[in-house]
Colleague: 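For reference, the structure I am asking about is given below.
Proteins get letters first, then strands, A, B, ... in listed order; numbering begins at 1 in each.
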Amino acid sequence: MSFPPVSEQLKVIRRGVEKIVPEEELESKLKKSLETQTPLRVKYGIDPTAADVHLGHTVPLRKMRQFQELGHQAVIIIGNATAMVGDPSGRDEARSKRLSEADVEANAQYYLEQVGKVIDLEKAEVHRNGDWFGKMSLVDILNLCGKVTVAQLLSRDDFAKRMKAEVPIFLHECLYPIMQAWDSVMIRADIELGGTEQLYSFMLARDLQKDQELQQQIGVMSPILVGTDGTRRMGKSLGNYIGISEEPYEMMKKFMQLPDDVMKMYFELLTDIDLDEVKDILAGHPKDAKIRLAQTVIGQYWDNDSGVQAASRWQKEIGEGGLPTDIPEKAISRQQLNEDGCMQAAQLLKQLGLVPSTSQANQRIQGGAVFTLVDGEKTAVADRSEWIALADGMIVRAGKKAWAKVRLEESS
RNA sequence: GGGGGUGUACCCAAGCGGCCAACGGGGUCAGACUGUAAAUCUGAUGGCUUAGCCUUCGUAGGUUCGAAUCCUGCCGCCCCCA
């Protein structure tokens, strides 16, 4: 294994990274690694609390891949123990549900599969932190706790905020950063990757490493990727994420709905496109920039063709206002119709699954979002009690994102 | 263990015996405008067999012709004291 020169390594490492602490130590570590031809141990921990890996997770993961390409050792920690606790970082309330061990293990498997799309799993070490936490006795744990003061814990910004807002802080949450830091001790991390919200845990890891007379790790922190709403961090629970296992066209649609001003961040953190080129791309029409962004990222998780196809499909169906190609078919039994083969509008929308309730059906109709399409002929629906004559293959729309095709069935 | 505070729809937050399916803001949804971006404007935002009906204001009871509003028990959260 040969390593590129330190300056080159630094350039790669610094892209899309907000904070490196302590900054100076990174260079000396890299130098030493080069001299001794020893790869650095680069840690990234994930808690298998939910099954989907989204673009937010890929930011540090991509960084890890870069480290791998530079010849360093990737160390993935599956937080099967910490998952039971829940990371309080950046949260304004505790996680509500606790997961079972079986859930966690299932998530972990699926996680790894997805992580493999970003980094080279073959060359990575994978550990489960339950392996060491499971063996600790209460005394061991208390010993560990003896290294941290409550004041230190409460100085964290997220806890401070919660205190102020009178939102509960649970004791187990306080242990979380300690556990995470202990992981670093156990695997002898040289570098830990994560978002900026991890600062506290990263520093705590240094303290514990020092206490154990080990090399101290360096925190390489990426900015937190904002979600598709353009304001809050990307997260499953906020429903503003793009999952890396989503279908290309689904991803495409989400990308195109991004607010313009997050594009710069997305380009920087999610693609390898040279930053000068990114500047040029962003100087052009935002729509084109977005298509380029979407194509590139989709290409990473599927393949180039899929990205291009998704883009052209978007252009046709949405950019030019055409019909969606994948309108789901819904069966309606003739039994449900009156003797003239009609059904009331609100009922129809509900039967087709376009709306969850009658009230919402009414709202859509009143809002002018509903029309039917038979042989290319559009008919607006204006009243919820209007009787609609159904025909096989009729298309019903109840808003931009709600389409259905009717399939009439004889009564069973 | 003691004292005080608080619990309203997705979130924040009014309401404090009838005019309350519940003000206002945020969010969300739909429409116009657009590049299914932003901004702006309009409407909607418990459910239903929809000029009406049914179920909601932590929870269980009670008082009352009538309660989100009053009383009691219980539960959760926050703060202070020990």
Side-chain angles (χ1 to χ4, degrees), chain A residues 91-97 154 159-171 173 226-233 235-242 249-267 281-295 310-327 336-338 342-351 353-371 378 380-387 396-404:
Chain A
R91 299 194 146 248
D92 30 17
E93 59 186 83
R95 288 176 194 262
S96 46
K97 63 167 191 259
L154 295 184
F159 281 168
K161 264 189 206 143
R162 278 209 235 165
M163 290 285 275
K164 200 167 171 203
E166 307 196 336
V167 176
I169 299 170
F170 293 91
L171 204 49
E173 295 182 88
V226 296
T228 50
D229 58 359
T231 47
R232 295 170 301 177
R233 64 178 300 170
K236 172 122 186 166
S237 51
L238 297 174
N240 62 355
Y241 72 101
I242 302 179
Y249 190 57
E250 292 309 305
M251 291 174 88
M252 190 72 206
K253 284 192 282 193
K254 289 190 181 180
F255 270 109
M256 294 311 285
Q257 287 190 68
L258 286 174
D260 288 352
D261 40 0
V262 306
M263 277 199 284
K264 182 163 181 277
M265 183 187 222
Y266 275 46
F267 268 115
I281 295 172
L282 290 177
H285 190 89
K287 185 177 157 188
D288 298 329
K290 233 176 260 181
I291 289 175
R292 175 76 187 275
L293 172 68
Q295 257 183 31
S312 68
R313 182 172 161 197
W314 183 88
Q315 197 56 276
K316 212 180 303 156
E317 294 181 18
I318 291 168
E320 291 158 22
L323 287 181
T325 55
D326 57 350
I327 301 177
Q336 296 175 71
L337 308 181
N338 73 359
C342 293
M343 186 184 262
Q344 283 197 303
Q347 279 311 306
L348 180 62
L349 297 192
K350 225 172 85 171
Q351 290 292 331
L354 296 176
V355 290
S357 72
T358 319
S359 311
Q360 284 199 33
N362 301 160
Q363 286 159 23
R364 299 276 177 98
I365 292 167
Q366 271 161 24
V370 180
F371 64 76
K378 217 193 244 187
V381 176
D383 192 276
R384 67 180 183 77
S385 54
E386 195 171 307
W387 289 93
V396 181
R397 185 196 98 132
K400 279 183 287 201
K401 293 165 199 154
W403 296 79

Colleague: Anything under 4.0 Å to a heavy atom of chain A counts; send over the first and last such nucleotide of RNA chain B, read 5' to 3'.
Modeller: C29(B) to C78(B)
Colleague: Both distances below 3.5 Å, Watson-Crick or wobble geometry, any strand: find the nucleotide opposite A21(B).
Modeller: none
Colleague: Could you tell me whether Asp326(A) and Arg313(A) have a side-chain N and a carboxylate O separated by less than 4.0 Å?
Modeller: yes
Colleague: Considering only atom P, compute the distance from U6(B) to U72(B) and round it to an integer number of Å.
Modeller: 15 Å
Colleague: State which residues pass side chain to side chain donor-acceptor pair (under 3.5 Å) with Asn338(A); sequence neighbours excluded, sorted by chain then number.
Modeller: none
Colleague: Paired with G1(B): which nucleotide, if any, by Watson-Crick or G-U wobble criteria at under 3.5 Å for both distances?
Modeller: C81(B)
Colleague: Using purine N1 to pyrimidine N3 plus N6-O4 or O6-N4 for Watson-Crick, or N1-O2 and O6-N3 for G-U wobble, both under 3.5 Å, which nucleotide pairs with A13(B)?
Modeller: none
Colleague: Check this for me: does any side-chain nitrogen of one of Asp229(A) and Arg232(A) sit under 4.0 Å from a carboxylate oxygen of the other?
Modeller: yes
Colleague: Would you measure the distance from the C1' atom in U45(B) across to the matching atom in G24(B) and give it in whole Å?
Modeller: 15 Å
Colleague: Which part of the nucleic acid does Gly319(A) contact within heavy-atom distance under 4.0 Å: base, sugar-phosphate only, or nothing?
Modeller: sugar-phosphate
Colleague: Under the side-chain hydrogen bond (donor to acceptor under 3.5 Å, both in side chains) test against Thr358(A), which residue among Gln363(A), Gln347(A), Arg384(A), Lys350(A) passes?
Modeller: Lys350(A)
Colleague: Is there a Watson-Crick or G-U wobble partner for G7(B) with both distances under 3.5 Å, and which nucleotide is it?
Modeller: C75(B)
Colleague: Heavy atoms under 4.0 Å, any strand shown: does Gln366(A) hit a base, just sugar-phosphate, or nothing?
Modeller: nothing
Colleague: If the C1' atom of C79(B) is compared with that of U42(B), how far apart are they to the nearest Å?
Modeller: 46 Å
Colleague: Taking C78(B) as the reference, what is the distance to A60(B) when you measure between their P atoms (whole Å, please)?
Modeller: 23 Å
Colleague: Provide the Watson-Crick or G-U wobble partner of G46(B), both distances under 3.5 Å; none if there is no partner.
Modeller: C54(B)
Colleague: Would Met263(A) and Ile281(A) satisfy side-chain contact (heavy atoms from CB on, under 4.5 Å), going step by step from the backbone distance to the final call?
Modeller: CA-CA 10 Å; Met263(A) 277 199 284; Ile281(A) 295 172; over 6 Å; no
Colleague: Can you tell me how far C1' in A44(B) sits from the matching atom in G76(B), rounded to whole Å?
Modeller: 34 Å
Colleague: Given Lys378(A) and Arg397(A), is the side-chain contact (heavy atoms from CB on, under 4.5 Å) satisfied, shown in steps?
Modeller: CA-CA 10 Å; Lys378(A) 217 193 244 187; Arg397(A) 185 196 98 132; over 6 Å; no
Colleague: Which residue lies toward the 5' end of RNA chain B, Lys287(A) or Pro356(A), if each is placed at its nearest nucleotide?
Modeller: Lys287(A)
Colleague: Measure from NZ or CZ of Lys290(A) to the centre of the six-membered ring of Tyr266(A), then state whether that distance is under 6.0 Å and the direction lies within 45° of the axis.
Modeller: no
Colleague: Does the structure show a Watson-Crick or G-U wobble partner for A32(B), both distances under 3.5 Å? Name it, or say none.
Modeller: U40(B)
Colleague: Taking only the C1' atom of each, what is the distance from U36(B) to C19(B) in whole angstrom?
Modeller: 43 Å
Colleague: Does Arg397(A) reach a base, just sugar-phosphate, or nothing at all? Heavy atoms under 4.0 Å.
Modeller: sugar-phosphate
Colleague: Just to be sure I understand the rule, does Ser359(A) reach a base, reach only the sugar-phosphate, or reach nothing, if contact means heavy atoms closer than 4.0 Å?
Modeller: base
Colleague: Can you work out whether Asp261(A) or Lys350(A) has the more 5'-proximal nearest nucleotide on RNA chain B?
Modeller: Asp261(A)
Colleague: Working to the nearest 0.5 Å, report the span between CD of Gln295(A) and CZ of Phe255(A).
Modeller: 11.0 Å
Colleague: With sugar-phosphate meaning primed atoms plus P, OP1 and OP2, does Pro286(A) contact a base, only sugar-phosphate, or nothing at under 4.0 Å between heavy atoms?
Modeller: base
Colleague: Write down the distance separating the P atoms in C70(B) and U8(B), rounded off to the nearest Å.
Modeller: 15 Å
Colleague: When you compare G62(B) with U50(B), how far apart are their P atoms, in angstrom units rounded to a whole number?
Modeller: 34 Å
